[in-house]
Structure formats: structure tokens, C-alpha cells
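See structure below.
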Amino acid sequence: MTERLSEQGSLALFTDVEMPLVPVLAEIERNGFLLDVEGLRALSKELERDLDQMIKAIEGLAGGEFNINSPKQLATVLFEKLGLKPIRKTKTGYSTDEDTLTQLRHSARIARADCELSEPQQTQVHLCGCVTGIGESGDQAAPYVAQSDRRGDRTALFYRSESAKYSGEGRIRITNQRSVYRTGRPHLALRRLQPDRAAHPAHLSQDPRLLAVFAKGEDIHMATAMEIFGLPSSQITRDMRRVAKTVVFGIVYGISPFGLASNIGVPQADAKKYIETFFEKFSAVRALMDRNIEEGKTKGYTTTILGRRRPIPELQSGDPVQRGFGERMAVNSLIQGSAADLIKVAMIDVNRRLCHELPHTKMILQVHDELIFEVPEKELEEAKHLVKTEMEATGKKLGLSVPLKVDLGTGHNWRVAHP
DNA sequence: GAACTCACG
DNA sequence: ACGTACGTGAGTTCT
């Protein structure tokens, strides 16, 4: 199918990996996974109680009942009834998102209370299942299943599979921090590709500094922090590492000094400096981005590492704003789409070997850059070895200039297993 | 169904 | 002067 489309000069929206991926996805759906229903129910109750209390407190400060889930009503309370100063507007009124509330919290108790409310409310037990097929719109990654919430101490995790939805037999498995070790339960193992998917940008850009970092197996965010701040590793704080991480991600999304500043909470001038320094130190990354954008403008689409195309008509727009969007989309598609290519190849290869060698080990989830398996306790060591070997081989197979590394976590629930 | 807000990567 | 980080799915409210 791919070939015919290509021959027609049409768009190769799919690469050769998508078709062989389909049976793997089908198997994941069939496998389903277990869910600690009782644990989640208990957690849900507890959160509901806390939520109730917080709402009461907020309504006390507001001087009356209102629906805090309604941005419109919240805006009325904050900006009209209480006379707070709006931070920014949305299409239809004043924004009441988390960022706004955070800014308001310094001047108003109600905003403070409302900020605190965000946490438990969003960790309510809502079982978000989001198994989709392969990107129906043809653009890049197409997540298969993913949604969890790792904020706060009481993080609950929500995973659901399509098959479980239909089987109605509780073949869903979960994981929250309350589920205790239970013998006889399948072991859960996670594998995570190169931290933060920065390996293929290094490969694609051939940036000497980035390549060196990966060749030595160093911590990518530590390395960029050292370059950005011009300090030795001994002087890099956790916070600096975090900032560096945001800078790197922001850059591949086409962030502006304005955006970076508001994201990490530093003056715009500092943000500008971080971005500039990054491009000075890793100039090949800039060149890669420029190349990608130029190519996109000429061809009307961008291409991932395996040749998956995404049309971006905005690149040819006369409107500078539209063009800017197009440019960010182009760069982002290259990076995210290539990461998706890698994980798909890994899924196919790992699954093939599991079928033959360890049929009791089941792939149960893919979460962008990680794969999750249920493994019988007695074959855990074998499974770990197989998955690690096979995933790391993916990089070599695709000719990446940097060795791919995977992190591992194991445990009887997601929280414990997650690195 | 649009708009907003949130979660994850 | 302008807007200002990509892309995915989901829940809730309101039109």
C-alpha cells in the first residue's frame, strides 16, 4: 500500500512499520491488563471527601455556592464578585486556568484555595482509556494507550484497554501506589527507551557535542545544563538540570523566549540567553531545524527518520503567524514522529521474539517511549534480558549513530516499576 | 459541538 | 507590532 501511494506521487502517510504493527496492537488489546478496582474505589472515596471540603472552603471565601467546574462561573466570582484583576483573556472571557490561578494566589486566598483544589480533583478516579488505532489523521505518533497521573502523593493510575471495555471481565490491570505486593500476581516490567528521546535528534543533527554525550553514555540533561550554564557537573543543581531539560524540549517545539520564561519562571532575558547559548553550543541542532523547515517549505511536507510524511500546508502560507505554526509543526513532527518510528520497530521486534521464546510474557502497554509487560515471576530475568537486547538492537538496525539505551523498572505495580 | 482545562509524552 | 511550545485523549460546561 505504501508503495502504491508513493508511486502515485501521493503521500506516504504510513511507513513499512505500520502494517506489521497491527497484529502487535491487536495482541496488546487482547491481553488487556489487571486493575486494582478496590484500591481505586477506596482512593476515589478519599479524594471525593477532600474535594468536598475544599469546595466548601472556596464557597465560603466566595460568599456563596457556585460550580467550580465552570470556568465561566469561576471567572465571575474571581473577577466580578471579588474584583480580582484578570491575568489574560480567552476567546469568550477571562482565563481561569492553573497558570492564572497561580499568579492570583499571591493576592487572594480564594485563588490559593482553588490552586490546591486542582490536585486532588484531577486525580479523581476517571478511567481514561484511550486506545486509538494508528494515527487516523496520518500525522505522527499516534499514542495507543496512555494516561496516568503522577502528581502528588496519592497518584492513581488509570489504564484501560479496549478489550477490557468490551469483555467486561475485569481483565484490566492496574497499579496504584496502594496496591500491595501480592504473590502469585504477574510481575510487571517496564522498559524505557533512551531517556527523553534525545538519541535520534543527536543522530539526525550529527551534532558533535550531542554525539559525544551519547557515545559516553552520559546524562543528556546534565550535559546540556553544563553547557547552558557554563558550569562543571559538580555545580549543577537539580533545578538547573530541570531548566536545561525544559530548554531542550522547548527548543524542539520552537519555543520563544517569552514561552520559555513563563514556563520555567525566569525573566525573559534569561530565557533568551538559555536559548541562544544552547544554539551556540549545539549549532548542528539549529542547522537540522533549518534544513527540515526549508525542505518542508519546498516539498510541502516533512519526513521522519523512516520516511513517514506529514503534509504541512501552513509552511507555504503568506501569513507569517501561520508560517510560524507550520515551522514549529515541522520540527516537532521530525522529532516526535521519528521517536514513534523507533518505538514501533521495537514493538514489532520485541513481540516477535517474545512469541517464540517467552510466550507467557505479555506486552500490555506502550506509552510513547516505554513498553510495559506482564511477566511471570519465574521468567523475569530472561524477559528483562530479551527486551533490553531487542530494544537496544532497534537503534543499530536503523543505523543510528548513537547507541540506544533502555532503562528498566520492575515491580508488582506501575508506581513501583516506574523509573 | 465548541470552548476550556487537564493529563501524558 | 504581533504572538509567543508540539501532539495525543478526556471530562465538564455551555451554546
Side-chain angles (χ1 to χ4, degrees), chain A residues 66-76 88-101 114-115 117-152 155-160 162 192-198 245-264 268 271-272 275 289 292 302 310 312 314 319-340 342-343 365-371 414 418:
Chain A
F66 72 103
N67 186 346
I68 50 142
N69 281 326
S70 164
K72 200 180 160 194
Q73 291 184 38
L74 182 58
T76 306
R88 64 191 153 90
K89 285 182 171 177
T90 65
K91 274 185 193 168
T92 53
Y94 294 122
S95 179
T96 60
D97 65 8
E98 192 179 354
D99 199 51
T100 304
L101 295 176
D114 215 298
C115 279
L117 179 70
S118 310
E119 190 257 314
Q121 191 187 5
Q122 279 129 27
T123 48
Q124 264 184 109
V125 178
H126 53 145
L127 297 169
C128 325
C130 22
V131 179
T132 68
I134 295 170
E136 51 179 11
S137 57
D139 56 14
Q140 64 106 20
Y144 311 114
V145 177
Q147 201 148 328
S148 60
D149 187 329
R150 53 212 319 201
R151 300 197 315 173
T155 298
L157 302 161
F158 320 113
Y159 282 137
R160 189 173 72 182
E162 208 53 28
R192 172 163 256 191
L193 269 171
Q194 191 77 50
D196 306 320
R197 300 159 292 169
K245 196 170 167 180
T246 308
V247 171
V248 174
F249 280 116
I251 278 171
V252 301
Y253 297 149
I255 204 171
S256 62
F258 174 92
L260 184 63
S262 83
N263 195 294
I264 59 179
Q268 208 168 313
K272 185 160 176 260
I275 294 171
M289 291 168 63
N292 182 246
T302 61
R310 175 185 180 179
I312 305 182
E314 288 87 346
D319 177 358
V321 174
Q322 284 301 306
R323 227 168 35 240
F325 276 124
E327 290 173 2
R328 294 195 293 272
M329 284 190 267
V331 174
N332 185 256
S333 290
L334 171 66
I335 304 300
Q336 287 196 183
S338 297
L342 289 186
I343 196 82
L365 285 174
Q366 179 255 48
V367 192
H368 309 297
D369 62 350
E370 73 188 40
L371 299 179
W414 193 93
H418 207 279

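The shown structure was predicted, so the numbers you read here are calculated from the model rather than taken from an experiment. We name chains A, B, ... by the order of the sequence lines, and we start the count at 1 in each one.
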One should read off an interatomic distance between Asn67(A) CG and Thr76(A) OG1, to the nearest 0.5 angstrom, of 11.5 Å

d(Leu260(A) CG, Thr246(A) OG1) to nearest 0.5 Å is 7.0 Å

Checklist entry - Which part of the nucleic acid, if any, lies within contact of Tyr94(A), taking any heavy atom under 4.0 Å across all strands shown: a base, the sugar-phosphate backbone alone, or nothing? => result nothing

Pairs: protein N or O with nucleotides 13-15 of chain C N or O, under 3.5 Å:
| from | atom 1 | to | atom 2 | distance (Å) |
| --- | --- | --- | --- | --- |
| dT13(C) | OP1 | Asn67(A) | ND2 | 2.9 |
| dT13(C) | O3' | Ser70(A) | OG | 3.2 |
| dC14(C) | OP1 | Ser70(A) | OG | 2.4 |
| dC14(C) | OP1 | Gln73(A) | NE2 | 3.2 |
| dT15(C) | OP1 | Lys72(A) | NZ | 2.7 |

Heavy atoms of Ile275(A) and Ser256(A) approach each other most closely as CD1-C, 4.0 Å

Taken to the nearest whole Å, CZ/Phe66(A) to P/dT12(C) is 17 Å

Rounded to whole angstrom, note down the P distance from dC4(B) over to dG3(C). 16 Å

Separation of dC8(B) atom P from Phe249(A) atom CZ, nearest Å, is 14 Å

Separation of dC8(B) atom C1' from Lys245(A) atom NZ, nearest Å, is 13 Å

Exercise for the section: Please lay out, stage by stage, how Phe258(A) and Gln268(A) fare under the test side chain to side chain contact (heavy atoms under 4.5 Å, CB included). Expected result: CA-CA 6 Å; Phe258(A) 174 92; Gln268(A) 208 168 313; 3.8 Å; yes

Look at the side-chain N and O atoms of Ser95(A) and state whether any lies under 4.0 Å from the OP1 or OP2 oxygen of dT5(B). yes

Base-paired stretches in DNA chain C with three or more consecutive Watson-Crick or G-U pairs, both distances under 3.5 Å, amount to B:1-9 with C:6-14

To the nearest angstrom, the CG-C1' distance between Leu260(A) and dG3(C) comes to 16 Å

To the nearest 0.5 Å, atom CG of Asn332(A) lies from atom CD1 of Ile312(A) at 9.0 Å

| query | Does OP1 or OP2 of dG7(C) have a side-chain N or O of Arg310(A) closer than 4.0 Å? | reply | yes

Ile255(A) atom CD1 is separated from dG7(C) atom P, nearest whole Å, by 14 Å

Item checked: Donor-acceptor pair under 3.5 Å, Glu370(A) side chain vs dG9(B) base -> no

Residues at least two apart in sequence or cross-chain that pass side chain to side chain contact (heavy atoms under 4.5 Å, CB included) with Asp97(A), listed by chain then number, are Arg88(A), Ser95(A), Asp99(A), Thr100(A)

d(Met329(A) CE, Thr302(A) OG1) to nearest 0.5 Å is 10.0 Å

If only side-chain N and O atoms of Ser262(A) are considered, is one of them under 4.0 Å from the OP1 or OP2 phosphate oxygen of dT4(C)?
no

Residues Pro257(A) and Ala271(A): closest non-hydrogen pair is O-CB, 3.4 Å

From CD of Gln336(A) across to P of dT8(C) the rounded distance in Å is 9 Å

Separation between CD1 (Ile335(A)) and OH (Tyr253(A)), nearest 0.5 Å, reads 9.5 Å

Rounded to whole Å, the CG-C1' distance (Leu371(A) to dG9(B)) equals 14 Å

The reported gap from CE in Met289(A) to CG in Leu334(A) (rounded to nearest 0.5 angstrom) is 10.0 Å

By nearest-heavy-atom nucleotide on DNA chain C, the more 5' of Gln268(A) and Met329(A) is Gln268(A)

Distance between P atoms of dA3(B) and dT4(C) (Å, rounded): 16 Å

Arg323(A) CZ to dG3(C) P, in whole Å, measures 16 Å

